[in-house]
Amino acid sequence: MGGPKPRFLPCGDTAVTIEFGTEIDDAVNALCLVFDEALAAAAIPGVIETLPTYRSVLVQVDPLVIDMAAFEAQVHAILATLVADGRPPRRWMIPVVYGGAFGIDLEDVARSHGISTEEVIRRHSSRTYRVAMLGFLPGFCYLSGADPSIALPRRTSPRLKTPAGTVSIGGVQALFASVEAPSGWHLLGRTPVRNFMPDRDPVFLVGAGDEVVFRPIPEAAWDALDRAAEAGDPVAELVQP
């Protein structure tokens, strides 16, 4: 990758943010994920934890084991030999019930753009999304690739509680939620898929770098799929390993 030149932003004396860009960009995000894997493989003494995001990687270090200057030198050595990940991404088909009690903002989104709810569903479910990162809460999938024609700024009054499995949009981003949480995003639908189950192996089903396609399903299909997901069935279909 030609030895990228990131910015090193100190976060106190025990962490540093390694920033590869300033905007949401799939190429920058891919670089973050490849670097995160390479850093883990290097097993540098003193590196405690890493957190890849849209455009940077936060690294927690033990300053009693390695100082920041030495760590930065090792990072540059890793970057000099970094190569793109040639593996095809996993692609998940995620079932979604759109509208009604499952997507209480669907009609407002349609009205805002002067189109039908069916057209919003078509535009939202016809995209292939890329999971840029997991963040905010365990298993929350932040997705790039949303259709800009249905984008809306986040709500001026966030809700204090939204259901687990919420599928929503906010600005140019899309989200596939995992647990009940506050949100200022626009709720289009809901999936029975449990992306985060602490007693399951794997704990996280869909991960950063994966792809997601949403498949509309009727409300009548919800109960059976929800029970299956609660019992540990992935429910999501892996259509591209």
Side-chain angles (χ1 to χ4, degrees), residues 24 26 29 54 91-196 204-208 210-226 228-230 234-237 239:
I24 295 175
D26 281 352
N29 180 246
Y54 272 117
R91 181 176 296 172
W92 298 91
M93 189 75 72
I94 305 291
V96 180
V97 178
Y98 284 93
F102 293 86
I104 57 179
D105 294 322
L106 177 63
E107 291 188 1
D108 286 342
V109 172
R111 189 179 305 111
S112 295
H113 292 290
I115 57 179
S116 67
T117 55
E118 290 78 13
E119 180 62 13
V120 174
I121 294 170
R122 188 196 69 78
R123 295 184 190 184
H124 184 266
S125 62
S126 64
R127 311 285 285 193
T128 297
Y129 299 87
R130 185 174 182 278
V131 182
M133 67 174 186
L134 303 185
F136 180 52
L137 289 170
F140 267 48
C141 289
Y142 285 84
L143 310 173
S144 65
D147 189 332
S149 72
I150 58 172
L152 280 180
R154 297 188 189 187
R155 291 171 50 85
T156 55
S157 299
R159 296 184 174 94
L160 297 179
K161 185 183 295 186
T162 58
T166 292
V167 174
S168 56
I169 58 173
V172 296
Q173 300 177 87
L175 174 71
F176 155 34
S178 54
V179 297
E180 182 182 279
S183 178
W185 296 46
H186 303 277
L187 315 184
L188 299 184
R190 190 177 172 199
T191 178
V193 174
R194 269 71 164 170
N195 199 45
F196 170 64
F204 301 109
L205 187 65
V206 180
D210 290 355
E211 293 180 342
V212 165
V213 177
F214 294 116
R215 176 172 62 89
I217 60 172
E219 183 177 342
W222 174 268
D223 288 344
L225 288 174
D226 190 49
E230 187 175 17
V235 176
E237 181 184 357
V239 294

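Values in this document were obtained by computation on a predicted structure and should not be read as measured data. Numbers for residues simply follow the sequence, beginning at 1.
Judged as a side chain to side chain donor-acceptor pair (under 3.5 Å), and not counting sequence neighbours, the contacts of H124 are Y98. With sequence neighbours left out, the side-chain contact (heavy atoms from CB on, under 4.5 Å) criterion links A208 to L33.
For the pair V131/L143, a side-chain contact is recorded, criterion being any heavy-atom separation below 4.5 Å from C-beta on.
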I'd like a table of donor-acceptor pairs (distance under 3.5 Å, sequence neighbours excluded) in which one partner is a side-chain atom from residues 177-185, with atom names and distances.
unit_1 : atom_1 : unit_2 : atom_2 : d
S178   : OG     : P138   : O      : 2.4
S178   : OG     : F140   : N      : 3.4
S183   : OG     : W185   : N      : 3.0

Without placing hydrogens or testing angles, list every side-chain donor-acceptor pair under 3.5 Å for residues 212-221, not counting sequence neighbours.
none

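Residue pairs meeting the side-chain hydrogen bond (donor to acceptor under 3.5 Å, both in side chains) criterion with at least one partner in residues 149-175, sequence neighbours excluded, are Y54-Q173, D105-R159, R123-S149, D147-S149. Counting only residues at least two apart or in different chains, side-chain hydrogen bond (donor to acceptor under 3.5 Å, both in side chains) contacts with residues 128-144 comprise D26-S144, N29-R130. Applying the salt bridge (Lys or Arg N to Asp or Glu O under 4.0 Å) test to pairs two or more places apart or on separate chains, those with a residue in residues 181-194 are R194-D226.
Rounding to the nearest 0.5 angstrom, the gap separating the CD1 atom in I104 from the CG atom in L188 is 11.0 Å. Here the CZ-CD1 distance, from F176 to I94, works out to 4.5 Å after rounding to the nearest 0.5 Å.
The two residues I115 and I150 make their nearest non-hydrogen contact at CD1-CG2, 4.1 Å. Residues L225 and P95 approach most closely at CD1-CB, 4.4 Å, considering heavy atoms.
Checking side-chain atoms of N195 against main-chain N and O of G139 turns up a donor-acceptor pair under 3.5 Å. Side chain of H113 to backbone of A151: a donor-acceptor contact under 3.5 angstrom is found.
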Open item on the list: Walk me through whether C141 and L134 qualify under side-chain contact (heavy atoms from CB on, under 4.5 Å).
Closed with: CA-CA 5 Å; C141 289; L134 303 185; 3.5 Å; yes
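Just one of V167, V206, L205 meets the side chain to side chain contact (heavy atoms under 4.5 Å, CB included) condition when paired with V193; it is L205.
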